[in-house]
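The basis for the numbers below is simple: all heavy atoms, side chains too, and nothing from hydrogens, waters or symmetry mates. Keep in mind it's a predicted model, so treat the numbers as computed, not measured. Quick note on labels: first sequence line is chain A, next is B, and so on, each numbered from 1.
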2 protein chains.
Amino acid sequence: MAEKIRTIYDLAKLAGVSGATVSRALAGKDVVNSKTAEKIRKLAADHGFRPSSIARNLRMQKKGAIGVVIPLGHDKTQHISDPFFMTLIGALADELTEKGFDLVLSRIIPDTDDWLNRMIDSDRVDGYIIIGQSNQSKTLDRVAQSYLPMVAWGAFAQGQIHCSVGTDNFLGGMLAASHLIDKGCKKLAFCGNTQAIEMALRLDGAKEAVKQSGKDVSLVETPTHLAAELSGTDIAAFLDSTDEMPDGIFAGSDLIALTAIQVLVGRGLSVPNDVRVIGFDDLLLAQTSVPTLTTIRQDITSGAKHLVECLLARINGAPTGSIVLNPELIQRAST
Amino acid sequence: MAEKIRTIYDLAKLAGVSGATVSRALAGKDVVNSKTAEKIRKLAADHGFRPSSIARNLRMQKKGAIGVVIPLGHDKTQHISDPFFMTLIGALADELTEKGFDLVLSRIIPDTDDWLNRMIDSDRVDGYIIIGQSNQSKTLDRVAQSYLPMVAWGAFAQGQIHCSVGTDNFLGGMLAASHLIDKGCKKLAFCGNTQAIEMALRLDGAKEAVKQSGKDVSLVETPTHLAAELSGTDIAAFLDSTDEMPDGIFAGSDLIALTAIQVLVGRGLSVPNDVRVIGFDDLLLAQTSVPTLTTIRQDITSGAKHLVECLLARINGAPTGSIVLNPELIQRAST
DNA sequence: TTGAAAGCGCTAACAG
DNA sequence: CTGTTAGCGCTTTCAA
C-alpha cells in the first residue's frame with residue numbers, strides 16, 4: 001500500500017501480469033480476462049493510479065485537449081464578461097474534464113480573416129469549441145468545409161455548413177411573447193440588440209406570437225445594448241421617448257430584464273403590477289433577484305453536453321448535424 | 001517548402017544537422033553555434049514548425065499545464081460570473097499560453113476540507129492558481145506548508161503561509177475616500193459586503209482616510225451584496241432608511257457603483273452633482289458607462305503576470321513571497 | 001488471452 | 001560546438 005505506483009509496469013508487477021495487459025485492462029479492452037481485468041482495476045483504484053495521459057497522447061498522436069475559444073469583438077466587452085458565457089464555459093470545463101480532456105481557454109481577436117486557420121494550424125488541441133459565433137459565421141462555414149473537429153455555440157441558420165449547438169431562439173421569443181399576451185399585456189416592448197443574430201430571432205419569434213394571437217397587441221422594438229452597464233440608459237431613454245408606457249417587456253436576456261426592472265422600479269412603477277417583465281437565459285440570478293424573474297430557460301448544462309458530444313464525434317471522424325435545443329418558459333414573480 | 005515537417009528530425013535533415021542540435025537550437029540553449037541556431041530557427045519559422053509539447057512534457061516529466069481553479073461557494077454565484085474574475089482568467093490565459101502552458105480550468109465546490117489535497121493528488125498539472133480565496137484561507141495555508149507550486153489571487157494577510165498576489169485594498173480604500181473628501185464630500189457611504197476580506201480592507205482604508213483628513217466627515221457602512229442583481233435593492237433600501245442622503249458613495253466594486261448610479265439617477269439625483277460615486281476595479285465598463293466612472297484601478301494584467309511568474313518560480317522549486325500591488329486612482333466623470 | 005518488443009517525438013548525458 | 005544514444009510511459013502489432 002505504501003508502494004509508489006508510477007507506471008503501468010509498477011502495477012503490472014503487483015498484479016503479476018505484463019504492462020500490456022494492464023494497459024488493456026485500464027483502457028477497458030474486452031480482450032482481457034474479466035477476472036484479471038477486474039483485479040487490475042481494483043488495484044489501480046486502491047493505489048489511486050492513473051496512467052499518464054501525456055504518454056498516452058504521445059503514443060496515440062492525440063493532444064488530449066480541447067480549445068475553447070472566445071472571439072472578442074472590437075468593443076464587444078459583452079462577450080467575455082457575460083455571465084451566460086461564463087456559465088457555459090464552466091459547464092464545458094466539467095464536461096470535458098469528465099471525458100478526459102483538458103480545456104484550453106483562449107481569447108482571440110478576429111482581426112484578420114484567417115484567425116481560425118491560424119489557430120487550427122498551430123495544432124495544439126484535438127478540436128475547437130467556439131463560444132459566440134457573433135458575426136464570424138462565414139469564417140466558420142469556410143473553415144468547416146475542410147476541418148471537421150469544430151463546433152460552435154449559437155444560432156442555427158438554414159444552410160450553414162458548420163456544426164452549431166444552441167437554443168431555438170425563435171421559439172423562445174414566441175413563448176415569451178405568448179406568455180405576456182396570456183397575462184393580458186397589450187403593449188409589448190422588446191429590449192435587445194438585434195444585431196446579434198440570436199436577438200433578432202427572439203424578436204422575430206415574438207412578432208410571430210403577436211400575429212398568431214389574433215388580438216390587438218402592439219410590439220415595439222427598443223434597441224438595447226447587451227452589456228449590462230449600458231442597457232440601463234437605453235431603457236430609460238426609451239421610456240422617456242415613448243408616449244405610452246408598455247405593460248409587458250420582453251428582455252433579450254436576464255441581465256437586460258433585471259436592468260429594466262431597476263429602471264421601472266426607480267420610476268415608481270411596480271413589477272409585475274404595472275409592467276410585466278420576462279427575461280431570457282434563466283441564469284442563477286433570475287432566481288435570486290427581487291422580484292424573481294420569469295424567463296425563457298436555455299439549458300446550459302445540456303448545451304455543454306451536446307457541444308462536447310458533437311465535438312468528440314467529429315474528432316473521431318464522424319460528421320454531425322447541428323443541434324437546436326428547446327427553450328422552456330419558467331414562470332416566476334415578474335410576470 | 002511543400003515538405004511536411006512533423007518532427008525535429010525532419011527539420012534536422014533539412015538543416016543538415018542532428019536532431020539534438022535542432023532541439024537545442026529551438027530551446028534557445030546557448031551552446032549551439034549562433035549561425036546554425038539562427039538558420040534552424042528560421043527554417044522552423046518558415047515551415048511553421050513547433051516541436052511537440054507532448055513529447056517534451058513526457059521526456060521532461062512535466063505536465064505543461066496549469067490548473068486554474070475557481071472555488072465556488074455555496075450560493076456565491078458572484079464568483080463565477082463576476083466580470084472581474086472573468087477578466088483575470090482571460091489575462092491568465094494569455095499569459096500562460098505565452099509561457100507555453102495550457103490553462104486547465106476547473107470549478108470546485110469546497111465542500112469537504114480536503115478538496116485541495118484531492119486536486120493536487122490527481123497530479124494532472126504542474127501547479128495551481130486559485131482564483132478567489134474567499135473563506136478558504138486556512139485550507140490554503142495548510143496545503144502550502146507541503147505543496148509549493150500554488151498561488152492565489154486575493155488579499156494578503158499578515159502571517160499567511162501561502163503565496164498570494166493581490167491589490168493593496170486598504171490603500172485603495174484610503175485613495176477612494178480621500179478623493180471623495182478632497183472633492184468636498186462630508187457624508188460618505190460605503191457599499192459592499194464586508195464579509196469578503198477584500199471588502200473589509202477597503203472599508204478600513206476608507207475609515208483611516210476619514211480619520212487622517214481631520215475634517216468633519218462621516219462614513220456609514222451599508223452592507224451590499226456583491227452580486228449585481230442584488231445590490232440594487234440593497235442600495236435602494238439604504239437610501240430609503242437613511243435620514244440624510246450621502247454626498248459621496250464609495251462602492252466596493254465598479255458593478256456596485258454602476259448600480260448605485262442607476263438607483264440614484266432613478267430617484268432624480270444627479271451624479272456627480274448631487275452625489276459623487278467612486279468604484280473599485282476599473283473594469284472596461286467603468287470607461288463605457290454614463291457617466292464614466294471614477295474608480296480605483298486594480299491592474300489585472302500585471303496581476304496575472306505576477307501570478308504566473310510566482311507560480312513558475314515555485315514550480316522550479318523557488319519559494320516566493322506574496323505580492324501586493326498598488327491601486328491607482330482613475331479620475332473620470334462620476335466624481 | 002497474454003507477453004515481447006517497437007516506437008510516438010523529444011531531451012540530456014556522454015563522447016567526440 | 002555537435003552527434004550518438006538511451007529512455008520518458010504508454011499502446012499496439014505480432015507471436016505464442
Side-chain angles (χ1 to χ4, degrees), chain A residues 3-41 43-44 47-65 100-102 122-126 315-316, chain B residues 3-41 43-44 47-65 100-102 122-126 315-316:
Chain A
E3 309 298 309
K4 46 182 177 180
I5 307 247
R6 309 220 63 78
T7 77
I8 54 175
Y9 292 108
D10 297 341
L11 195 61
K13 211 174 301 170
L14 221 65
V17 296
S18 78
T21 301
V22 173
S23 170
R24 291 191 267 247
L26 261 26
K29 306 270 188 204
D30 42 357
V31 287
V32 269
N33 179 303
S34 54
K35 292 275 190 208
T36 30
E38 197 47 54
K39 181 168 114 194
I40 290 170
R41 276 194 284 266
L43 232 33
H47 291 259
F49 170 76
R50 315 240 316 128
S52 154
S53 51
I54 309 248
R56 192 206 344 276
N57 289 333
L58 174 60
R59 176 59 226 244
M60 304 191 72
Q61 308 277 55
K62 306 210 150 185
K63 312 278 181 301
F101 286 88
D102 284 348
S122 86
D123 200 37
R124 294 185 49 74
V125 295
D126 294 312
I315 286 175
N316 292 323
Chain B
E3 309 299 308
K4 45 181 178 180
I5 109 169
R6 313 218 60 77
T7 78
I8 55 174
Y9 292 109
D10 297 341
L11 195 59
K13 209 174 303 170
L14 222 66
V17 296
S18 78
T21 300
V22 171
S23 170
R24 289 190 273 248
L26 259 27
K29 305 271 190 204
D30 42 357
V31 288
V32 268
N33 179 302
S34 52
K35 292 275 190 209
T36 31
E38 197 47 54
K39 181 168 113 193
I40 291 170
R41 276 194 284 265
L43 233 31
H47 292 256
F49 171 74
R50 315 240 317 129
S52 152
S53 52
I54 310 248
R56 193 208 343 276
N57 289 332
L58 174 61
R59 176 60 224 243
M60 305 191 73
Q61 308 274 56
K62 306 210 149 183
K63 311 278 181 298
F101 286 89
D102 283 349
S122 84
D123 199 37
R124 294 184 50 75
V125 295
D126 294 312
I315 286 174
N316 293 322

Mind checking what makes side chain to side chain contact (heavy atoms under 4.5 Å, CB included) contact with [X], not counting sequence neighbours?
X     : result
A:R59 : none
A:I54 : A:S52, B:I54, B:N57, B:L58
A:A15 : A:V17, A:K39, A:I40, A:L43

Q | N or O in side chain of B:Q61 less than 4.0 angstrom from D:dG7 OP1/OP2 | A | no
Q | Phosphate OP1/OP2 of D:dG9: any A:S52 side-chain N/O under 4.0 Å | A | no
**Q.** End-to-end axis angle, where each axis spans five pairs of the helix from C:dT1-D:dA16 to C:dG16-D:dC1, to 10°
**A.** 30°
Q) Atom OG in A:S53, atom NZ in A:K62: separation rounded to 0.5 Å? A) 13.5 Å
When the side chains of residues 5-14 of chain A are checked against the rest of the protein, which donor-acceptor pairs come out under 3.5 Å, sequence neighbours left out?
residue: A:T7; atom: OG1; partner: A:Y9; partner atom: N; Å: 3.0
residue: A:T7; atom: OG1; partner: A:D10; partner atom: N; Å: 3.2
residue: A:D10; atom: OD2; partner: A:R6; partner atom: N; Å: 2.7
residue: A:D10; atom: OD2; partner: A:T7; partner atom: N; Å: 3.2

**Q.** pair A:K63-A:D123: side-chain heavy atoms closer than 4.5 Å
**A.** yes
What side-chain donor-acceptor pairs closer than 3.5 Å can you find for residues 25-32 of chain A, not counting sequence neighbours?
none

(Q) Which residues pass the salt bridge (Lys or Arg N to Asp or Glu O under 4.0 Å) test with A:R56, not counting sequence neighbours? (A) none
Q: Identify, with sequence neighbours excluded, every residue that meets side chain to side chain donor-acceptor pair (under 3.5 Å) alongside A:T21.
A: A:S18
Q) Along DNA chain C, 5' to 3', what are the outermost nucleotides having an atom less than 4.0 Å from a heavy atom of chain B? A) C:dG9 to C:dA13
Q. For DNA chain D, what residues of residues 31-41 of chain B have any heavy atom nearer than 4.0 Å?
A. B:V31, B:V32, B:N33, B:T36
Q. How does each nucleotide of nucleotides 11-16 of chain D score, in 5' to 3' order, for protein heavy atoms under 4.0 Å: base (B), sugar-phosphate only (S), or none (-)?
A. BBB---
